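These notes concern the structure reproduced below.
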Amino acid sequence: MERAAWQKSSFSGSNEGGSCVELAYGADDILHLRESDDPDVILTTTTAKLRALILGAKAGEFDHLA
């Protein structure tokens, strides 16, 4: 992946070395996610699919997996 403008949540604080999820927007509704402590591993999805995952988690759709 070429150079991306990675953003992290304001909830992550400013501590260097702290783990947080970072995201970068790509073309055509593509979203890249990575953990700050392992930046070479990048998950790529669409905003619609990530939204569906978050809504499903909030609705308890995955509780049986815990």
Side-chain angles (χ1 to χ4, degrees):
M1 187 176 136
E2 73 249 9
R3 244 170 126 78
W6 292 98
Q7 300 174 333
K8 70 176 184 175
S9 169
S10 59
F11 291 104
S12 296
S14 60
N15 60 339
E16 295 295 321
S19 296
C20 65
V21 173
E22 299 174 323
L23 61 90
Y25 290 100
D28 299 325
D29 199 36
I30 299 296
L31 185 63
H32 307 284
L33 298 114
R34 69 180 184 183
E35 288 192 48
S36 59
D37 61 345
D38 195 3
D40 293 330
V41 177
I42 299 171
L43 172 72
T44 301
T45 188
T46 64
T47 54
K49 289 180 180 180
L50 181 60
R51 183 180 305 111
L53 175 68
I54 292 170
L55 290 174
K58 285 183 176 183
E61 291 178 21
F62 309 109
D63 289 354
H64 66 283
L65 300 173

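As the structure is a computational prediction, the values presented were derived from the model and not from experiment.
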Distance from Lys49 atom NZ to Thr44 atom OG1, nearest 0.5 Å?
11.5 Å
Please name the pair of heavy atoms, one in Ala5 and one in Ala24, separated by the smallest distance, quoted to 0.1 Å.
O-CB, 3.7 Å
Partners of Thr45 by side chain to side chain donor-acceptor pair (under 3.5 Å), sequence neighbours excluded?
none
Which residues pass the side-chain contact (heavy atoms from CB on, under 4.5 Å) test with Tyr25, sequence neighbours left out?
Gln7, Leu23, Leu31, Thr47
Backbone of Ile30 reached by a side-chain donor or acceptor of Thr46 within 3.5 Å:
no
Applying side-chain contact (heavy atoms from CB on, under 4.5 Å), can you list everything that pairs with Ile54, at least two apart in sequence or on another chain?
Leu50, Lys58
Please tell me whether Val21 and Ile42 are part of a single hydrophobic cluster in this structure, the criterion being side-chain heavy atoms less than 4.5 Å apart.
no
Residues in side-chain contact (heavy atoms from CB on, under 4.5 Å) with Ala66, at least two apart?
none
Beyond-backbone contact of Trp6 with Leu33, side-chain heavy atoms, under 4.5 angstrom
no
Taking only residues at least two apart or on different chains, which pairs with a member in residues 22-34 satisfy salt bridge (Lys or Arg N to Asp or Glu O under 4.0 Å)?
Glu22-Arg34
